[in-house]
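As structure tokens, the structure follows; a few thoughts come after it.
Every chain is numbered from 1, with letters handed out A, B, ... down the list of sequences.
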Amino acid sequence: MKETTRREAMTVATLGAAAALTASGAARAQDQARPRGGKQDPRDKYPKPPFKAQMQPWPGLAGRMDPRPDHGETSYVGSGRLSGRKALITGGDSGMGRAAAIAFAREGADVAINYLPEEEPDAREVVDLIARAGRKAVPIPGDLRSAAFCRELVARAVTGLGGLDIVVCNAGRQQSIASILDVSDEEFDQTMKTNIYAPFWIIKAAVPHLQPGSAIIGTTSEQAYDPSPDLYAYAQTKAATMNYVKSLAKQLGPKGIRVNGVAPGPIWTPLQISGGASTGKVVTFGATAPLGRPGQPAELAGIYVRLAEDDGSYTTGNIYGAGGGQGQP
Amino acid sequence: MHKILLLIGGAAMAWSGTGRAADMPPGSRQTRDFVEAAAQSDAFEVLEAQTVLATTRDPAIRAFAQRMIHDHGETTRALEQAVAQSGLQPPAPGISSDQAALLGALQSLRGRDFDVAYVRQQVIAHSGALAVEQLYAGSGDDPAVRQAAAAATPIIAAHLAIVDALRAKLDGA
């Protein structure tokens with residue numbers, strides 16, 4: 001690829017993030033950046049490896065990543081596909097959760113986002129973006145490893161939104177550890193609590209509030225099907241997520257509630273630069289994908305919308321992927 | 001029967017702690033991970049270079065591949081010496097799953113597509129390897145391994161400079 005093309009792509013992404021911070025700028029950049037219905041070369045649309053070596057303490061902030069991820073701040077255009085819907089998204093401050101939050105709000109939904117208190121700077125931007133879309137934002141910081149907090153989270157979302165009909169269990173813990181001998185009991189437990197227990201507690205608390213037509217979405221991963229050796233703990237939780245989606249779809253289908261999963265490939269999110277990937281992997285991130293680059297959260301926003309919206313009414317128990325050409329499903 | 005149960009109980013106790021178990025391999029996690037990453041990086045470079053020599057006719061790319069086989073043979077030996085000197089376990093043979101994906105993609109190409117893909121992969125692989133070597137050379141906790149990392153850093157930086165120039169040439173053609 002030509003150097004100029006890569007630089008241009010990075011400039012677009014950087015400008016996009018900067019423009020998101022000013023309301024009028026956001027609208028203008030949106031008009032210019034991506035004419036609707038056009039087409040772009042998927043290889044050149046976003047930055048490619050090699051990336052700058054970078055490491056943040058867990059859980060990491062999107063705002064401090066270089067390049068900044070694109071969550072659709074300036075590009076996502078809604079058309080009322082989720083009018084009047086009420087959504088709770090865990091991990092809604094950054095990554096795919098943030099892309100879903102922005103898209104849901106622009107499609108007409110009120111959105112509650114959960115995140116860790118350390119992620120407040122990212123979360124504030126999302127709250128602002130939801131408000132600018134003319135929708136209600138309900139920020140609910142807290143640690144999902146607590147069953148009591150998960151139940152409180154659902155209760156506060158229901159109160160804050162005046163109901164609930166979309167639940168996105170997206171928050172996740174991922175740490176790259178080469179050897180099982182180095183996986184501590186605490187690390188394993190933290191991964192299981194965040195990735196497996198929290199969706200159980202949240203969905204269990206939410207189901208009594210979900211009317212027919214509601215949707216539950218779990219973020220799984222290509223790791224569910226072809227695990228990396230250094231993601232022993234994380235990958236098995238994603239396999240479990242893929243599985244609970246199918247189990248609950250059978251259980252809740254007769255109640256008119258759809259349950260689906262999203263399986264991302266390598267996506268440029270804070271999860272990766274806060275211990276989720278080794279230094280060498282961060283620098284080469286996305287190089288293995290046939291598209292030659294990592295995906296950006298914005299490229300999955302439409303999948304979350306599709307699985308939540310009423311038009312997708314026959315889709316349940318299914319996993320939608322965005323893998324850049326590699327992996328399953 | 002009791003004895004067996006006691007033995008199992010003892011083993012379970014030895015593993016239940018979160019601290020370092022007695023039968024952990026020698027060296028810190030940082031050092032073991034670095035040794036593995038550096039060894040995989042060397043192995044990947046040699047495998048890709050052998051693929052190049054069997055596939056391409058471009059003299060500049062062939063010369064680069066020859067140099068990779070020579071230089072990464074040297075860095076492998078230096079790493080092995082440091083590992084032996086510090087009483088660490090030698091790294092497991094082989095490459096990472098990501099490297100295997102790249103090698104598989106390369107080996108399915110022919111002609112100019114092959115050359116372009118090799119050079120593109122080499123820019124990325126050497127950028128990653130350089131970051132890994134620099135990090136350990138700066139903050140590694142084993143002196144002998146740190147020295148090996150410090151010695152490998154300028155070699156990999158030189159490879160990156162060559163392959164950057166090759167890419168500029170291919171992109172311009």
I'd like to know whether OH of A/Tyr225 has more than 12 heavy-atom contacts from other residues, nucleotides or ligands below 6.0 angstrom.
yes
Would you name the heavy atoms of A/Ala178 and B/Asp33 that are closest together and state the gap between them?
CB-OD1, 3.4 Å
Residues 262-282 of chain A vs chain B, non-hydrogen distance cutoff under 4.5 Å, contacting residues -> A/Thr279, A/Gly280, A/Lys281
Measure across B/Pro25 and A/Leu181 and return the closest heavy-atom pair with its distance rounded to 0.1 Å.
CD-CD1, 3.5 Å
Assess whether atom CD of B/Gln147 is packed by more than 12 heavy atoms of other residues, nucleotides or ligands within 6.0 Å.
no
Are any of the side-chain heavy atoms of B/Leu135 and A/Met55 separated by less than 4.5 Å?
no
To the nearest 0.5 Å, what is the distance between OG1 on A/Thr284 and NE2 on B/His126?
13.0 Å
Within residues 288-296 of chain A, contacts to chain B at heavy-atom distances under 4.5 Å involve A/Thr288, A/Gly292
Nearest heavy atoms of A/Ala287 and B/Ile124, plus distance in Å:
CB-CG2, 3.7 Å
What's the separation between atom CG in A/Asp226 and atom OG in B/Ser97, rounded to the nearest 0.5 Å?
7.5 Å
Please list all pairs passing the side-chain hydrogen bond (donor to acceptor under 3.5 Å, both in side chains) test where one or both residues lie in residues 101-110 of chain B, with sequence neighbours left out.
B/Thr51-B/Gln107
Residues pairing under salt bridge (charged side-chain N to carboxylate O under 4.0 Å, His left out) where one sits in residues 49-66 of chain B, two or more places apart or in two chains, turn out to be none
